[in-house]
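So the structure is just underneath, and the comments pick up after that.
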2 protein chains.
Amino acid sequence: MDRLPTIEDVARAAQVSRQTVSNVLNTPAIVKPETRKRVEVAIRKLAYRPHASARRLRMRKSSTIAIRLDPMTNGISGALLDRFLHALTEQADARGIRILLFTAADPAAEIEQIRKLRAGADVDAFVLTATFHGDPRTEWLVEHDVPFVTFGRPWGVNDMNNPKHLWVDVDGFAGMREATLHLIDAGSSRIGFVGWPSLSGTGDDRRRGWQAAVEERLFPGDGDLAALNLSVEDLLEDARDAVVALLESDERIDGLVCASDTLALGAMIAAASVGRSDLPIIGFDNSPVGQAIGLSSVDQALDEVARGALELLLGETGGDLVRRDAAAAGDTRHRLITPHLVIRQPLRLLAPDAVSIPTATKNAVGNHRNGKESQ
Amino acid sequence: MDRLPTIEDVARAAQVSRQTVSNVLNTPAIVKPETRKRVEVAIRKLAYRPHASARRLRMRKSSTIAIRLDPMTNGISGALLDRFLHALTEQADARGIRILLFTAADPAAEIEQIRKLRAGADVDAFVLTATFHGDPRTEWLVEHDVPFVTFGRPWGVNDMNNPKHLWVDVDGFAGMREATLHLIDAGSSRIGFVGWPSLSGTGDDRRRGWQAAVEERLFPGDGDLAALNLSVEDLLEDARDAVVALLESDERIDGLVCASDTLALGAMIAAASVGRSDLPIIGFDNSPVGQAIGLSSVDQALDEVARGALELLLGETGGDLVRRDAAAAGDTRHRLITPHLVIRQPLRLLAPDAVSIPTATKNAVGNHRNGKESQ
DNA sequence: ACTCAGGATTTGAACGATCAAATTTTTGAA
DNA sequence: TTCAAAAATTTGATCGTTCAAATCCTGAGT
């Protein structure tokens, strides 16, 4: 046999009709156990699997979700999408859903790609990442009634309550607050925050988490919060320079929390270069680089994000049916995932007054492969 | 109209038959220009796109290539697959091919996944990454006559000439040799190599590149090569410790080339910690982290790798037909891509005897966004 | 005017599955 | 034993496209 076996081949082999074979596969309950057995044997013997395209054509759904592969590798946290993709693919596989990739240089191109994929009935739904304020993509999708979910909440006030806009996001506020509280519990009493210019909703959210923890436990004086609050682009150098300046201007600082691992790494370098290698620093993203270098960080729990996204799109039960009407999608239209703090023993970039690393220090260095989570 | 337009709708709108519309799309040459115009207008007006599943069913091919998303984020170079995936998706899109993802914990599970995808006629061909010696996957694929291409050459001698095994790889030898020659041209005369234990073909290949350059230009003495040749796991810490030891035991070392950016970063830290921040170091992979930190590195030219992979699978012309018989796939069964050295101004981890970074140094720090390639 | 080649277009069948309805078999109670 | 209801199975139609063959034009040659 030079072609793949069809349902007809199985039917012949099991002495039943097409439909019975189909039933064994889709609604086994309604077929007599005896015949079912026979069919199952035939299926195994022929190594039969239903032809995906044929099934999709008949069912009028593709059981495929598309996601855009971000063109920019966001510096150090670049692997974020990578890990999310992995989690998404795994979760989707468990539900019999496939993940399809596409690329686009800008939002307009992405919309065009979505239109094409959609018109070709290639995919049922889309997962969008890196949403931003006034995102034209979500607008278009809602307008054209295309099922989608975003990783990242809509920051516009209007969109927030649009029942057609499903979203999953990580609770940056909670994550940063936990990180800050951890430092306070460990003895820090003057903690700085390194974040981004307040254009991004994500950055502001994380900043507020730091601020909340500081206010509820450290009772900062007038102007303290402003003095401890840095805003720089997500670049290693910028963070390093800003943190060097901060540490030199304020000797009492005994802890730093950062809006990203990139910033945190910059901060580590800065701390080391002003002789403060001991300064506790916590980042955000739990990036591979952070892991390699022993950086404590807030982990985004991407598998939970992925699961949440699929649940919103497909329903809790995991059926392979995409629900068009948001009303059927369960109670909520969104998920806010609480991230978890991962504490690590930092790898000292260098001991300030030792030319080589003393054995004692060396042994104290934690292995990045068993960073344990707090709480 | 609540359903997507079909070819029949277009036919009606253009006053022609199904088949004529089909011809306009697939073999426009055989349809009279006048009618063609009319059909094209109708297509545009209805925003029609052929139903992908229907077409695939009829054509008996899926125009889809699957690739496994690697479960392990390989430390710092993790984004490698990420970038390859992006390049692959872009190249595939240009040829009307879709990229499908799947995951698997181990080779056996991967084979099972491939079997399923294949049996469901879901995909036409596979791209394999991270091949290794005696890889059971390639064996299985060859055995079952499934079209595939590997990113990574087959290291077994037998497989090397198997005409069914198409592969693309990066010429690690050439890359490492170029990096070493670059250091020599810049004045280095005693260059160490930091690589992996010689189990991996890839690592050995890169090591030989260093060795070749050193032998042809620096005429090393007896035992020199062995003394300058480090082998450690691909871990920051291991690399750091090994390099610290090397630098302390041999003061004359004035350059390092490394088999990965992870190792190179470890080496940078080591160099800084023994007061040799100035030591020129070149890595391999051109990872985002390396970019952020100003690490010179050998770039794998992943878009060329992706293009090569698709060319081998689909033929140069870019038609959307997967050729089963390797004989038709052109002259060669493989591509060896020459990587390019990217030189950057390193970000000083810290100036050994300055507690803060002097302005002069600061200005000399290169911006990672415009690293320029050599040659 | 008539034929014939050739191009242009249309029609019927198929791809492999599921749905809806029809048919056959089994069950259970009168 | 009989018959209706329920369960199990089968048959015909359909999803939207392309292939293969049939049909319809068009214009040149006699």
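First the proteins, then the strands, lettered A, B, ... as listed; each starts at 1.
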key: Phosphate contact (dT10(D) OP1 or OP2) by S17(A) side-chain N/O below 4.0 Å   = yes
ask   = Distance check: side-chain N/O of T20(A) vs OP1/OP2 of dT10(D), anything under 4.0 Å?
value = yes
ask   = Is R55(B) side chain donor-acceptor paired with the dT17(D) base, going by distance under 3.5 Å alone?
value = no
query = Given the rule in the side-chain hydrogen bond (donor to acceptor under 3.5 Å, both in side chains) test, do D124(B) and S62(B) qualify, once you have shown the distances and angles that lead to the verdict?
reply = CA-CA 6 Å; D124(B) 291 332; S62(B) 66; 3.2 Å; yes
query = Is the shortest side-chain N to carboxylate O distance from D82(A) to R83(B) below 4.0 Å?
reply = no
note = In whole angstroms, the gap separating P of dT10(C) from CG of N23(B) amounts to 10 Å
Integer-rounded Å distance: dT10(C) P and Q15(B) CD = 10 Å
inquiry  = So, applying side-chain hydrogen bond (donor to acceptor under 3.5 Å, both in side chains) with H165(B), which one of T150(B), T131(B), D135(B) is it?
reply    = T150(B)
inquiry  = Rounded to whole Å, please give me the gap between CG in D122(B) and C1' in dA17(C).
reply    = 14 Å
ask   = Do the charged groups of D122(B) and K116(B) touch, with an N to O distance under 4.0 Å?
value = no
request  = Measure from the side chain of R60(B), starting at C-beta and using heavy atoms only, and say which of dT9(D), dG16(D), dG16(C) lies closest.
outcome  = dG16(C)
ask   = If you pin R58(B) and Q19(A) to their nearest nucleotides in DNA chain C, which one's is more 5'?
value = R58(B)
Presence of salt bridge, K37(A) and E40(A), under 4.0 angstrom = no
note = Separation of dA8(D) atom P from R36(A) atom CZ, nearest Å, is 10 Å
task = Using only heavy-atom distances, decide whether a donor-acceptor pair under 3.5 angstrom links the side-chain of R49(B) to the base of dG16(D).
result = no
message = Check this for me: does any side-chain nitrogen of one of K164(A) and D145(A) sit under 4.0 Å from a carboxylate oxygen of the other?
response = yes
note = Considering only heavy side-chain atoms of A54(A), the closest of dT9(C), dA17(C), dG12(C) is dA17(C)
task = Specify the residue among L57(B) and V31(B) whose closest nucleotide of DNA chain C lies further upstream toward the 5′ end.
result = V31(B)
task = Calculate the interatomic distance between L4(A) atom CG and dG16(C) atom P; express it in whole Å.
result = 8 Å
Length of the CD1-C1' vector between I30(A) and dA21(C), whole Å = 13 Å
ask   = Which one, dT11(D), dT18(D), dT9(D), comes nearest to the side chain of R18(A)?
value = dT11(D)
ask   = Between atom CD1 in I7(B) and atom C1' in dT11(C), what is the gap in whole Å?
value = 14 Å
query = dT18(C) phosphate, OP1 or OP2: any side-chain N/O from N26(A) under 4.0 angstrom?
reply = yes
inquiry  = It should be established whether T6(A) places a side-chain nitrogen or oxygen under 4.0 Å from OP1 or OP2 of nucleotide dC15(C).
reply    = no
query = What does T35(A) touch in the nucleic acid at a heavy-atom separation under 4.0 angstrom: a base, only the sugar-phosphate, or nothing?
reply = sugar-phosphate
note = Here the distance between atom P of dT10(D) and atom CD of E8(A), to the nearest Å, is 12 Å
ask   = Side chain of P50(B): nearest nucleotide among dA8(D), dT17(D), dT10(C)?
value = dT17(D)
